[in-house]
Engineer: 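My questions will all concern the structure given below.
Not measured: the values here are computed from a predicted model. Computation of the quantities below employed the complete heavy-atom set of this structure, encompassing side-chain atoms and omitting hydrogens, waters and symmetry-equivalent molecules.
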Amino acid sequence: MAMAGRRPEQRELAEALDVDDFMMDDPRPMAYDVVIEAAGSTAAVPVDDIVNNDLTIRGSFSYTASAWAETVRLLNAGRFRPLPLVTHRYGMEEHADALATLSQGAARPRGKILFEL
């Protein structure tokens, strides 16, 4: 597993997650089967690369900083317990199974899918 970052201190996070390769340079010339963009920045997803390389994107939507602040407040107050929403857990090596679960009906009701690093 590889991780790209923009700040040197992110290397420590990568090491804690047992990442094989942490890079601060542009990882686009390298090939990956699955990429998870978690920065929330449009600069992190070059549209030309998506179109020119015929890539498939699966997305989710995030919210504003104030919405996240309210979510953290509710979590800290114990008023919101999200773990029951997670119905499926997968390791990164099981990404194909996770995507299949997202696109097909499951034997049990499907909530959120969690990738465990």
Engineer: Write down the atom of Leu55, the atom of Asp49, and the distance for their closest heavy-atom approach.
Structural biologist: CD1-O, 3.8 Å
Engineer: Give me the atom names and distance for the closest heavy-atom approach of Ala14 to Met3.
Structural biologist: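 Closest approach of Ala14 to Met3: CB-SD, 3.6 Å.
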Engineer: Is there a path of hydrophobic side-chain contacts, each under 4.5 Å between heavy atoms, that joins Val86 and Leu102?
Structural biologist: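 Unlinked, Val86 and Leu102 end up in two clusters.
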Engineer: To the nearest 0.5 angstrom, please state how far the CD atom of Glu70 sits from the OG1 atom of Thr64.
Structural biologist: 10.5 Å
Engineer: Could you tell me whether the side chain of Leu114 reaches within less than 4.5 Å of the side chain of Tyr90, counting heavy atoms only?
Structural biologist: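 Contact flag for Tyr90/Leu114 side chains = no.
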Engineer: Just so I know, are the side chains of Met1 and Asp18 near enough to count as touching, which here means a heavy-atom distance under 4.5 Å?
Structural biologist: no
Engineer: Would Leu117 and Met92 satisfy side-chain contact (heavy atoms from CB on, under 4.5 Å), going step by step from the backbone distance to the final call?
Structural biologist: CA-CA 7 Å; Leu117 302 177; Met92 287 305 298; 3.5 Å; yes
Engineer: Backbone N or O of Gly91 within a donor-acceptor pair of the Glu94 side chain at under 3.5 Å?
Structural biologist: yes
Engineer: Taking all heavy atoms of Pro82 and all of Leu75, pick out the closest pair and write down the distance.
Structural biologist: CD-CD2, 3.5 Å
Engineer: Would you check if Phe22 and Gln10 make a side-chain contact, meaning some heavy-atom pair closer than 4.5 Å?
Structural biologist: yes
Engineer: Can you find a pair of side-chain heavy atoms, one from Arg89 and one from Phe115, that are under 4.5 Å apart?
Structural biologist: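 Heavy-atom side-chain distance check fails, nothing below 4.5 Å.
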Engineer: Would you find more than 12 non-hydrogen atoms of other residues, nucleotides or ligands less than 6.0 Å from Glu93 atom CD?
Structural biologist: yes
